[in-house]
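Before any comments, here is the structure.
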Amino acid sequence: MTQPQLEIQAIAVVTAIACALPGVFLVLRRVALLSDAISHSILLGIVLAFFVAGSVTSPLLIVGAAAMGLITVVLVQALTRTKLVANDAAIGLVFPALFSIAVVLIARYSGDVHLDTDVVLLGELAFAPFERLVIAGYDMGPQSLYLMGGILLLNFAGLLLFYKELKLATFDAALAAALGFSPALVHFGLMGMVSVTAVGAFDAVGSILVVALMIAPPATAYLLTDRLPSMIAGSALIGAAAAIGGYWLAHLLDASIAGSIATVLGAMFAVAFALAPQRGLIAVARRRGRQRWEFARTMLAIHLLNHEGLPEAADENRVEHLKDGLGWDGDFTAEVVKQAKRNGLLWEGEGALILTDSGRRLAESAVAA
Amino acid sequence: MTSFTLAAGQVLIHGRPYAEQERQVAYVPQRGSVDWDFPTTVLDVVMMGRYGTIGWMRRPGGKERALALEALAKVGMQAYADRQISQLSGGQQQRVFVARSLVQDASVFLMDEPFQGVDATTERAIVLLLQDLRASGKTVVVVHHDLQTVADYFDWVTLLNVRRIASGPVHEVFTEENVRLAYGGRVAWLKTEPAATTGSTTAR
């Protein structure tokens with residue numbers, strides 16, 4: 001592996017983890033699309049800050065962008081609160097407006113500067129190693145690695161310090177308020193985190209990948225676990241794995257790195273969606289199937305118990321009469337009887353089905369419940 | 001509580017404004033107010049009731065854990081401590097919320113329809129708990145709609161229908177006439193049984 005290859009992967013991994021941390025709470029709060037809104041509207045903050053500072057490297061750009069991210073959240077909330085538009089519509093109204101103002105401003109006033117809407121949207125990881133951090137003549141590595149590393153540390157520290165508050169305000173905002181943890185403060189803290197992360201990340205990976213990195217890893221981890229700490233750790237791991245996997249996929253296909261990472265993220269989600277041990281489509285379908293047969297076996301046992309010891313038992317409890325008694329078709333009945341025999345619930349004597357002790361217990365406990 | 005806007009009037013807790021007394025009040029919301037698919041355990045939800053006492057940035061520890069387990073035992077849910085909350089029935093969810101209010105060290109409990117759609121076990125567990133709370137000098141205010149149980153469960157009743165219809169000790173205020181006023185006449189009042197009402201009720 002060459003050094004630029006290593007550097008690109010390092011930037012991608014650090015960015016992925018930095019995005020996944022606040023992303024977990026966006027997904028749990030069901031405001032995932034705010035990341036889309038923020039990552040676009042920050043462009044207006046960057047453009048306006050650029051007009052003030054007159055340079056694309058000024059730290060004022062980050063401040064301006066983060067401020068615009070928060071303004072976006074405030075505007076969306078204000079619109080939603082009027083109850084005249086729903087939350088999703090409010091998001092769809094606010095950020096395209098802010099973003100388009102930025103696009104017009106760039107086209108009109110800063111045609112010569114390095115502020116290019118394509119780069120903003122799609123980013124270009126391959127170019128990230130070109131911008132070096134040079135201190136006293138020494139090459140310290142790519143700038144964006146330091147920027148994203150700093151943001152990752154910030155997010156990690158925020159999460160560590162305010163884990164309890166984030167969890168409480170996300171799960172039950174009313175209780176948070178009653179206990180003195182202002183949910184609005186926690187919300188804006190989180191949104192500030194998202195804005196700063198989006199600003200740092202969009203330069204390296206583009207705002208579309210920022211959204212993918214914030215939403216896809218937590219959404220995938222959510223399917224795989226039911227504990228918050230493992231969802232957070234899982235999101236970070238999934239993001240990092242997709243970053244590395246996506247890099248090599250791009251290498252293989254000679255395609256865009258950001259696009260390949262987003263593709264891998266999508267594929268990982270699809271796999272979890274189908275195969276997750278508890279919540280995946282297949283697990284759910286199997287559980288449903290199992291419950292169906294379990295229920296049928298119990299019904300059979302109850303039916304046999306009801307007629308047990310009565311004069312009609314020899315008749316009612318014959319296999320060929322079950323379909324009248326229970327309304328089942330022949331194949332289904334045969335399969336249920338076969339399973340019930342295998343499970344030791346009943347045995348067949350003189351053409352009639354007879355419950356074993358364990359079959360009787362099953363029927364009795366089912367009736368009692 | 002702070003998330004409600006006052007339409008009129010004021011809220012006094014032990015004679016002082018609610019804003020000064022927030023921590024004296026434990027609120028048990030309706031079950032539907034939170035996302036039960038949230039990735040956390042029963043014990044963790046109950047421990048959230050302690051967060052106010054712990055304060056910003058500090059982590060809950062062994063003491064909080066012990067208090068939460070104790071509260072879970074009081075509502076008969078200690079066996080479920082490590083369960084994912086999505087695996088609970090409606091009645092169990094309600095008991096978790098009640099357990100969470102118990103660890104808050106509050107002196108006033110506000111419960112919003114705690115008996116709504118719960119199983120008999122849960123209803124019994126909560127009623128026993130209300131009696132415990134009353135015995136230890138706490139005030140419990142319950143929003144309640146089951147007229148049959150008012151006289152059994154509560155000492156004090158306030159009947160509401162847009163405005164306050166009546167308020168006072170159950171044996172004085174909980175009369176056929178008041179209940180009719182509260183329900184606009186559409187109520188079957190059976191003389192033989194202790195029937196009927198709505199409103200909020202204090203066991204104190």
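Chain letters run A, B, ... following the sequence lines, proteins first and then strands; every chain starts at 1.
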Q: Check for a donor-acceptor pair, side chain of A/Glu165 on one end and backbone N or O of B/Met57 on the other, with a separation under 3.5 Å.
A: yes
**Q.** Verdict with supporting geometry, A/Arg227 and B/Thr41, side-chain contact (heavy atoms from CB on, under 4.5 Å)
**A.** CA-CA 7 Å; A/Arg227 297 288 185 277; B/Thr41 62; 3.2 Å; yes
Q.
Side chains of B/Arg59 and A/Leu161, heavy atoms from C-beta outward: is any pair under 4.5 Å?
A. no
Q | Listed partners of B/Tyr80 passing ring pair (Phe, Tyr, Trp, His ring centres under 6.0 Å), at least two apart | A | none
(Q) When you compare the side chain of A/Asp172 with that of B/Met48, does any pair of heavy atoms fall below 4.5 Å? (A) no
**Q.** Among the listed options B/Pro39, B/Pro29, B/Pro60, the residue most often paired with chain A at heavy-atom distances under 4.5 Å
**A.** B/Pro39
Q: Look at the rings of B/Phe38 and A/Phe171 and say which category their plane angle falls in: under 30° parallel, 30 to 60° tilted, over 60° perpendicular.
A: tilted
Q. Is it the backbone or the side chain of A/Leu228 that comes under 4.5 Å from a heavy atom of chain B, or both, or neither?
A. both
**Q.** Least distance between heavy atoms, B/Gln84 atom then A/Asp226 atom
**A.** OE1-O, 3.0 Å
Q. Most heavy-atom pairs under 4.5 angstrom with chain A, which of B/Asp35, B/Ile85, B/Val45, B/Thr53?
A. B/Asp35
Q | chain B contact via A/Phe181 - which portion, at a heavy-atom distance below 4.5 Å | A | both
(Q) So which atom in B/Gln104 and which in A/Leu179 form the shortest heavy-atom distance, rounded to 0.1 Å? (A) OE1-CD2, 3.9 Å
**Q.** Close side-chain approach of A/Leu175 and B/Arg100, heavy atoms under 4.5 Å
**A.** yes
Q) In chain order, what residues pass the salt bridge (Lys or Arg N to Asp or Glu O under 4.0 Å) check against A/Arg297, with sequence neighbours excluded? A) none
Q | Check: A/Lys164 and B/Trp56 side chains under 4.5 Å, non-hydrogen atoms | A | no
Q. Salt bridge between B/Asp44 and A/Lys167, side-chain N to carboxylate O under 4.0 Å?
A. yes
All N/O donor-acceptor pairs, side-chain side in residues 264-293 of chain A, below 3.5 Å, sequence neighbours left out:
residue, atom, partner, partner atom, Å
A/Arg279, NH1, A/Tyr222, O, 3.1
A/Arg287, NH2, A/Gln278, O, 2.4

(Q) So for A/Ile232, is it side chain, backbone, both, or neither that comes closer than 4.5 Å to the heavy atoms of chain B? (A) neither
Q.
Applying a heavy-atom distance below 4.5 Å, give me the residues of residues 24-33 of chain A that approach chain B, sorted by number.
A. A/Leu28, A/Arg30
